[in-house]
Each structure stands twice: as structure tokens, then as C-alpha cells.
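All heavy atoms count here, side chains included; hydrogens, waters and symmetry mates do not.
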Amino acid sequence: MLEINVIRANPDFIKERLSVKNFAHLSLIDTALQLDEQRKQIQHKLDAALNQLNNLSKEVGAAFKAGKKDEAEALKAQTSTLKETITTLEAEAKQNEETLQDTLVQLPNLPHQSVPKGKTPDDNEVVTTWGNTPQLPKNALPHWDLASKYQLINFELGNKITGAGFPVYMGKGAQLQRALINFFLREANAAGYTEIQVPHVVNEASAYATGQLPDKEGQMYHIGLDGFYLIPTAEVPLTNLYRDEILREDELPVKVCGYTPCFRREAGSYGKDVRGLNRLHQFDKVEIVQIQHPDASYNTLEYMVRHVAGLLQQLQLPYRILRLCGGDMSFASALTYDFEVYSAAQQRWLEVSSVSNFETFQANRLKLRYKDPETKKNRLLHTLNGSALALPRIMAALLENNQTETGITIPAALHPYLSFDRIGE
RNA sequence: GGAGAGAUGGCCGAGUGGUCGAAGGCGCACGCCUGGAAAGUGUGUAUACUCCAAAAGGGUAUCGAGGGUUCGAAUCCCUCUCUCUCCGCCA
């Protein structure tokens with residue numbers, strides 16, 4: 001959420017930046033400013049009335065103590081109209097506050113200066129491309145066919161026990177999955193991230209603080225009876241660990257990582273885009289999160305991008321890095337790099353990671369701050385996160401890109417985590 | 001699931017209707033003391049909004065959350081959330 005005082009300081013700049021995100025409702029800025037002005041006026045009147053009441057109450061007390069009962073009663077009588085005023089003003093203030101909040105919540109984060117203008121994924125900027133497209137054997141198969149040929153993943157069984165989008169990994173498929181998780185976690189640990197196991201179910205306040213609520217309500221599975229949500233990403237619990245915290249400067253940066261399953265309803269997509277592992281309702285992911293000083297967060301973002309690139313290089317998967325254009329960025333992000341892996345048999349790029357700096361957007365909702373030793377003031381921190389990595393599409397690319405006539409070879413980086421180095425003969 | 005106890009500042013802890021943003025202690029910061037440190041000692045030490053050009057200073061709110069009683073609530077009443085103890089159940 002954008003801070004109202006930032007908006008107040010330079011509304012034209014805010015509008016200019018939001019238009020890069022193709023944000024259509026720029027008039028909300030003016031609405032917010034009006035409501036803010038109104039808020040001050042109401043608050044001012046209310047404070048004055050409360051002040052009067054406080055003073056009267058003190059006088060009443062003093063009069064009673066002095067034994068001047070009549071005087072006290074007279075003073076008491078004066079409070080009744082004052083109390084009516086207060087009640088009215090309080091109702092106004094509450095109404096105003098809610099409307100202002102509703103308005104602010106609708107404003108997306110400001111894109112960083114380097115974010116390219118654009119509307120669709122076609123406008124994303126390719127920053128780097130790494131690796132060569134593998135030479136596949138004749139009759140190369142897409143991963144869903146490989147998965148059933150070698151009995152690695154059973155999609156039908158998932159249909160039976162749950163529904164579409166819940167694959168069942170088995171045998172070497174399940175082991176490969178586990179190896180990837182271990183590999184990713186060990187790499188994150190080596191890079192200084194503290195491994196954390198978090199709940200996979202979160203409450204409403206957590207989902208709100210990282211920005212999943214209120215706008216992406218429909219994308220999460222909701223446990224109605226308890227008011228909980230299944231996590232769509234470990235970002236939610238990992239970042240909320242630091243909700244309502246005031247950190248010391250010397251505690252920065254905070255670096256945490258975690259493996260969790262992720263649950264997404266993703267209603268409304270059909271066809272080849274969602275075949276096999278391309279798009280699921282449940283998938284596994286290792287997430288890295290950093291909480292950083294505002295002055296250092298963009299260096300940190302680059303550092304996180306290098307970390308993710310290193311993983312893909314070790315897995316020898318050809319990838320490209322995209323700087324997302326304004327129109328393709330998420331609501332909460334200021335700058336996002338997407339990683340896409342080349343899936344050779346499908347001949348398409350698959351998103352496997354998204355690394356973002358949210359600046360103060362999440363921190364504002366989280367009330368996540370640090371104490372500035374110079375000014376002694378609490379300032380909002382910057383939050384960043386990235387997938388490192390999401391498993392299913394990595395699995396898809398590994399299977400497809402490494403297939404031979406007789407089986408699938410496993411990249412050397414995973415050998416320490418597996419009891420086999422090859423699937424098939 | 002049954003019975004009971006509790007939630008106060010960074011932490012511990014006092015406070016059962018008035019001058020309480022809240023005693024005291026710990027911690028922390030700065031100063032004094034010291035050759036240096038410890039001990040001792042002095043001062044300071046919440047957050048948000050707001051008034052003022054800014055500083056100084058002032059106002060309002062906040063003692064788990066929300067509502068109520070009252071001229072006045074940390075203190076009384078109601079609802080909710082959470083924590084702890086005992087019993088039951090259970091991986």
C-alpha cells in the first residue's frame with residue numbers, strides 16, 4: 001500500500017508512475033487526497049471537542065473533591081451537547097477512514113524507473129539469455145508423455161483423489177522432486193538464507209499484509225470454517241514472520257528461505273498451456289526472502305537474481321531473464337525479473353521464477369520498520385522475494401531437455417541427492 | 001471437548017473509577033566517576049495522527065481487540081481473540 005504522505009508530497013509524480021503500470025483509475029489519487037484533507041479537518045474538530053471534554057471532566061472531579069456539589073452538577077450538564085458532537089464526529093471520522101483505506105488499497109505499487117512501458121508479456125524486456133537449445137532425439141516427447149512412459153507422475157490418480165491440477169509423483173519422479181527441493185535449499189543455505197518451516201495455512205491478516213487480499217481473493221483456497229487460506233506461495237508466511245516488527249539496522253538484511261507446497265485456484269485457464277506440469281493447483285517451491293534497508297534493496301535484488309541464475313546454470317537449463325513491463329507486473333511489485341526456462345519438446349519458454357522488490361509496499365501493510373539511528377525515527381523497510389525455484393516447470397524442462405532414445409539423463413548437480421543418475425535404461 | 005487463570009511500555013512488573021502514557025526494576029543511550037573497565041551516579045528512553053515555516057512546545061488516541069456504563073475507565077460490564085494450568089481425546 002502506498003503511503004498517503006508520499007502521495008500528498010507529489011501527486012503528479014505518482015500519477016506519472018502509475019500510468020507506466022497502465023493503471024486506469026488515476027482519479028483515485030485525487031479522491032485519496034480529498035479524503036485525506038477531509039480526514040484532517042474532522043480529526044481536528046474531534047480532537048478539539050475531546051480536549052474540551054477532558055478539561056471539563058477534570059473540573060468536575062476537582063469540584064467534587066472540593067465539596068462543591070452544585071458546581072459539579074452544573075459542569076456535568078455542559079457535557080451532554082459536547083458528547084453529541086463527539087459521537088457525530090467519531091462516526092464521520094470512521095466513515096472517512098474506511099473510505100480512504102478502501103481507496104488506498106486499490107492503488108498498485110509504483111514501478112521503478114527501469115521498468116519498461118508496455119501492456120502485455122510481449123513488451124517485457126529480455127535482459128539475458130543463457131545456454132543452448134538442446135538437440136532432441138527424433139520423436140521427442142513432451143514431459144507429460146515422458147512422465148507416463150517412465151511412470152514418474154500420474155495425473156489421472158490426482159484427478160481421482162482430488163481433481164485436475166493435482167499430480168501424483170511416484171517412484172523416481174517423487175525422488176527427483178525431493179532431490180530438487182534439497183538442492184535448492186542447500187544452495188539457499190549456502191548463500192546465507194536461514195531455512196524456515198512455516199505453516200501452510202495463514203489467517204486473513206497475513207494474506208492482507210503481503211497483498212494477496214483484498215484483490216486476489218479468488219486465487220486462494222479458502223478454509224471457510226476457520227477463515228484461513230492455503231498459502232499461494234511461501235512469501236506469505238515467510239514475510240509475515242516480520243509483521244509488526246521494528247528491526248535494528250544491524251539486523252539487516254534479513255535473509256530467510258523455505259520450502260512449501262503452494263496452492264492456487266487459478267480458475268479459468270484451459271488448453272495446452274495447462275497440460276502436464278505447466279500449470280497446477282498444487283506445486284512445490286523453494287522461496288527466498290530478504291528484508292533490506294531502503295538504500296540497499298536494489299543491490300539485493302541483483303544479488304537474488306544472480307542466485308537464481310546460478311541454480312539454473314547448475315541444472316544446465318537454458319533460460320532467459322525478463323524485466324517485466326509495467327503492464328505485466330504484479331500489483332505489489334516495484335521491479336520484477338522473471339526467469340523462463342526453455343522447454344525443448346514444447347518449444348516454449350516456461351516461467352520458473354519471479355524475483356521482485358516490493359520496496360515499502362508490503363512493509364507498509366506489515367508495519368515492518370527499522371529504527372534509523374540518525375533520526376531515531378522508525379522507517380519502513382524494503383521487502384524482496386524470489387522463487388528459487390518453482391519445481392514443476394523445472395521438472396518439465398529437465399525431463400524434456402535431457403531425454404534420449406532410451407531414457408533421461410540427470411544433470412550432475414543433482415547426483416548427490418539421488419540414488420540414480422538416469423531414468424530409463 | 002470440560003474446568004479454571006490471565007493478557008499493562010523493548011523485557012519484567014505495580015496499578016480496582018479522576019491529576020496514569022502509566023510506579024519500580026532490567027535493558028538501552030548519553031554524561032560523570034576510572035589509567036581502562038566493572039561497580040556507583042545523573043539524565044534521558046513508546047507509537048500514530050495533528051497544530052506550528054522549522055525547532056521548542058501543544059492537542060488527540062493507544063494498557064490484547066471491539067462495544068457499553070460514567071462528567072471521567074488500564075481499573076466496572078458485555079462480546080471476541082489469544083496464552084497458560086488441570087482433566088479428557090489424539091498423531
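Residue A:Lys371 is in sugar-phosphate contact alone, with no base atom involved, counting any heavy-atom pair closer than 4.0 Å across all strands shown. Among the heavy atoms of the strands lying under 4.0 Å from A:Arg369 are primed sugar atoms or P, OP1, OP2 only; no base atom is included. Nucleic acid contact class of A:Arg379 (heavy atoms, under 4.0 Å, all strands): none.
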Between the protein and nucleotides 63-71 of chain B, are there any N/O to N/O pairs under 3.5 Å, and if so, what are the atom names and distances?
residue: B:C71; atom: O2'; partner: A:Ser57; partner atom: OG; Å: 3.0

Grab the N/O contacts between the protein and nucleotides 73-83 of chain B below 3.5 Å, and write none if there aren't any.
none

Distance-only check: which donor-acceptor pairs under 3.5 Å involve side-chain atoms of residues 39-47 of chain A, not counting sequence neighbours?
residue: A:Arg39; atom: NH1; partner: A:Asp36; partner atom: OD1; Å: 2.3
residue: A:Gln43; atom: NE2; partner: A:Asp47; partner atom: OD1; Å: 3.1

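For the salt bridge (charged side-chain N to carboxylate O under 4.0 Å, His left out) test, no residue two or more places apart in sequence or in another chain qualifies with A:Asp244. In this view, A:Glu204 and A:Leu213, A:Tyr229 satisfy the side chain to side chain contact (heavy atoms under 4.5 Å, CB included) rule, not counting sequence neighbours. Looking at residues two or more places apart in sequence or on another chain, you find no salt bridge (charged side-chain N to carboxylate O under 4.0 Å, His left out) involving A:Arg17. The side chain to side chain contact (heavy atoms under 4.5 Å, CB included) test applied to A:Ser57 returns A:Leu53, not counting sequence neighbours. Looking at residues two or more places apart in sequence or on another chain, you find a salt bridge (charged side-chain N to carboxylate O under 4.0 Å, His left out) between A:Asp250 and A:Arg248. Applying the side chain to side chain contact (heavy atoms under 4.5 Å, CB included) criterion to A:Ala334, with sequence neighbours excluded, gives A:Asn109, A:Tyr298, A:Glu359.
Between the CD1 atom of A:Ile246 and the C1' atom of B:G10 there is a distance of 9 Å, rounded to whole Å. As rounded to whole Å, 21 Å separates atom P of B:A29 from atom NZ of A:Lys377. Atom P of nucleotide B:G72 and atom CG of A:Leu82 are separated by 10 Å, given to the nearest angstrom. Distance, A:Asn364 CG to B:C49 P: 10 Å, rounded to whole Å. Computed from coordinates, the A:Asn54 CG to B:G17 P distance equals 20 Å when rounded to whole Å. Going from atom CD of A:Glu97 over to atom C1' of B:U50 covers 13 Å, rounded to whole Å.
Pairs passing the ring pair (Phe, Tyr, Trp, His ring centres under 6.0 Å) check and including a residue from residues 362-389 of chain A, sequence neighbours excluded, read A:His293-A:Tyr370. Applying the ring pair (Phe, Tyr, Trp, His ring centres under 6.0 Å) rule to pairs touching residues 7-41 of chain A yields A:Phe23-A:His25, sequence neighbours excluded.
Across the P atoms, B:G10 and B:A22 are found 15 Å apart, a figure rounded to whole Å. Comparing B:G18 with B:U34, their P atoms sit 48 Å apart, to the nearest whole Å. Taking the C1' atoms as reference points, B:C33 lies 12 Å from B:A37, given to the whole Å.
Taking the centre and axis of the six-membered ring of A:Phe420, the NZ or CZ atom of A:Lys172 falls inside the cone set by 45° and 6.0 Å.
Proximity of residues 36-47 of chain A to RNA chain B (heavy atom under 4.0 angstrom from any strand atom) is restricted to A:Arg39, A:Lys40, A:His44, A:Asp47.
Side-chain N/O atoms of A:Ser343 and A:Arg393 include no donor and acceptor closer than 3.5 Å.
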